[in-house]
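Below is one structure; the comments refer to it alone.
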Amino acid sequence: MQRFTSAEVLTPDHGYPVRVIIPGGIGARMIKWLAEIVVSDTESDNWYHENDNKVLPAGVDEERAAKEGFWLNPDFAINELSIQSIITSPRHSELIPLAASTSTTYTVKGYAFSGGGRKVITVEVSLDGGNTWLISCITRGEEPSEYGKHWCWVFWQVQVPLMSFIAAEELRCRAVDSSNNAQPENLLWNVTGMMSNSHFRVKLQLKADRANQVALHCEHPTKNGVEPGGWMERESLSLQGIKAVSTVSVQFDLGMLTPLHFAAPNKAIPIKKLAAHARPFSEEVRHQHPLEQLVC
C-alpha cells in the first residue's frame, strides 16, 4: 500500500490517501482511494471486474460475450502487462534534416516493459517492413529483485544511418522478454480493445522544413490523451471517406543524397531543386541500393 510517490503525498487523482501498488500488474488492479480490504473465497462481483479489463477471443463480440458467459469467465481477466515497446525519438511531427544535416546517423530511442517481472531481453528496430532488424542497446535503471524479478521499464537506443531513412516508409520497433513473449506484427482485435501491443510504427515522409530544406517528417500512430492527430486517425478518417489534412512528400533517387553525407555533409540543397529531380525509384536504383545494405 502506498501513501507517497517520489517522497510526496499522493494527489487525489492518484489515489489519496492510500492506494495499492502491484508490480508488473495492470493499473486496474491497483485500487485507488483504498478504504477497506476484504478477504474472500469468491471472486469480486464488481461490475467493472466482471465486464471490463478482459481480453476475449477475437471472434467474440459484445453480444456473444453476454450470451455465452464470456464476461464471467475469470480466464479472460487481465492481470499482468504484456510485452511492449515505444519509440520516443523521433517524436511525433519531428523533422529530421537530411540535406543540411552534419551527421550521417540518427539515434532512435524509446522504452520497453513487460509484466510479471519478466526481463526485457531485446528491442529491435526495422526500416524495411520487418525484413531486417537492428538490435538496440538497453539501459536498465534497476537491479533484479532477490527473486530475479524486473519490475521497471528499460530505455533503449540504436544508431541508424541517415541513408537508411531515405527509402523507408516507416520506422518500427518490437521487444522480446525473458519468456520469449514478442510483440505481434499487427493489431489483434478484441471487443474491449485492451492489451494492444503490436509493433510500434512511425510513418516517414519527405517534406520541406522551415528553411525550405529537405527533411524527414515523422508521424506517430496517435498523440497523447484525447489530442487529435497521428497516422492511425488519418487512416481511420480515410476509411470513412473523410479527407485528412493533406501531406506533401517528395520521392527521389537515392543517389542524389549520397554526396550530401560523404562528400559535402554541410551543403544545403533547396527543396525546389530537389523536387525538380524527383521521380519514382527505378529498378536500376533499387538494385544499386538494396535496402538490406542501407540498414545493415
Side-chain angles (χ1 to χ4, degrees), residues 85-111 122-139 155-174 199-221 230-231 247-296:
S85 64
I86 305 293
I87 294 172
T88 58
S89 183
R91 64 185 183 278
H92 180 69
S93 293
E94 179 175 342
L95 289 172
I96 301 175
L98 295 178
S101 176
T102 59
S103 175
T104 60
T105 63
Y106 180 89
T107 304
V108 178
K109 301 178 182 179
Y111 64 88
T122 59
V123 182
E124 301 168 293
V125 167
S126 177
L127 290 99
D128 60 0
N131 291 319
T132 60
W133 295 86
L134 296 172
I135 300 176
S136 70
C137 296
I138 294 177
T139 301
F155 298 99
W156 57 267
Q157 65 178 44
V158 59
Q159 295 287 333
V160 178
L162 274 179
M163 287 297 293
S164 300
F165 287 100
I166 305 302
E169 295 182 355
E170 69 175 22
L171 171 69
R172 67 171 68 185
C173 69
R174 68 180 182 186
H199 294 177
F200 189 91
R201 293 175 167 87
V202 176
K203 299 295 185 181
L204 307 173
Q205 283 188 319
L206 288 168
K207 290 187 176 182
D209 61 17
R210 292 182 178 180
N212 208 32
Q213 304 299 322
V214 65
L216 197 67
H217 178 260
C218 306
E219 185 181 23
H220 281 221
W231 63 260
T247 55
V248 179
S249 61
V250 176
Q251 195 171 30
F252 54 94
D253 191 318
L254 287 175
M256 287 187 60
L257 286 190
T258 302
L260 297 178
H261 300 283
F262 298 99
N266 295 315
K267 183 179 179 181
I269 295 182
I271 190 67
K272 291 182 179 179
K273 183 176 180 181
L274 186 64
H277 297 275
R279 58 185 179 278
F281 293 128
S282 65
E283 288 301 319
E284 180 181 0
V285 171
R286 292 183 185 274
H287 179 72
Q288 292 175 353
H289 302 277
L291 189 55
E292 290 80 1
Q293 291 182 9
L294 297 176
V295 174
C296 300

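Heavy-atom basis, side chains included; hydrogens, waters and symmetry copies ignored. Positions are given from 1, in the same order as the sequence printed here. Since we're looking at a predicted model, the values are computed, not measured.
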Residues Thr107, Gln159; criterion side-chain hydrogen bond (donor to acceptor under 3.5 Å, both in side chains); working and verdict: CA-CA 5 Å; Thr107 304; Gln159 295 287 333; 2.6 Å; yes

Leu206 and Leu216: CA distance, side-chain angles, deciding distance, side chain to side chain contact (heavy atoms under 4.5 Å, CB included) verdict: CA-CA 5 Å; Leu206 288 168; Leu216 197 67; 3.7 Å; yes

From CA spacing to verdict: side chain to side chain contact (heavy atoms under 4.5 Å, CB included), Leu162, Thr104: CA-CA 5 Å; Leu162 274 179; Thr104 60; 5.7 Å; no

Ser93/Glu219 under side chain to side chain contact (heavy atoms under 4.5 Å, CB included): CA gap, chis, key distance, verdict: CA-CA 5 Å; Ser93 293; Glu219 185 181 23; over 6 Å; no

Verdict with supporting geometry, Tyr111 and Ile138, side chain to side chain contact (heavy atoms under 4.5 Å, CB included): CA-CA 9 Å; Tyr111 64 88; Ile138 294 177; over 6 Å; no

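At least one donor-acceptor pair closer than 3.5 Å links the side chain of Ser126 to the backbone N or O of Thr132. Between the side chain of Thr105 and the main chain of Pro161, no donor-acceptor pair closer than 3.5 Å is present.
Of all heavy-atom pairs spanning Phe200 and Ile87, the tightest one is CD2-N, 3.5 Å. Of all non-hydrogen atoms in Pro97 and Ala215, the two that sit nearest each other are CA-CB, 4.1 Å.
Partners of Thr122 according to the side chain to side chain contact (heavy atoms under 4.5 Å, CB included) rule, which considers only residues two or more places apart in sequence or in another chain, are Val176. When the side chain to side chain contact (heavy atoms under 4.5 Å, CB included) test is applied to His199, the partners found at least two apart in sequence or on another chain are Trp133, Arg172, Arg174, Gln183, Glu185, Arg201.
Residues Ile96 and Pro90 meet the side-chain proximity criterion, which asks for heavy atoms closer than 4.5 Å.
Atom NE2 of His220 is separated from atom OG1 of Thr88 by 7.5 Å, given to the nearest 0.5 angstrom. Atom CD of Glu124 is separated from atom CH2 of Trp156 by 10.5 Å, given to the nearest 0.5 angstrom. Note that CZ of Phe155 and OG1 of Thr139 are 8.5 Å apart. Values are rounded to the nearest 0.5 Å. Between atom CG of residue Leu171 and atom SG of residue Cys218 there is a gap of 7.5 Å, rounded to the nearest 0.5 Å. Of the inter-residue distances, the one linking Trp231 atom CH2 with Lys203 atom NZ reads 5.0 Å to the nearest 0.5 angstrom. We find the OG-CG distance between Ser164 and Leu134 to be 7.0 Å, quoted to the nearest 0.5 Å.
Residue-environment remark: CD (Glu169) stays at or below the threshold of 12 foreign heavy atoms within 6.0 Å.
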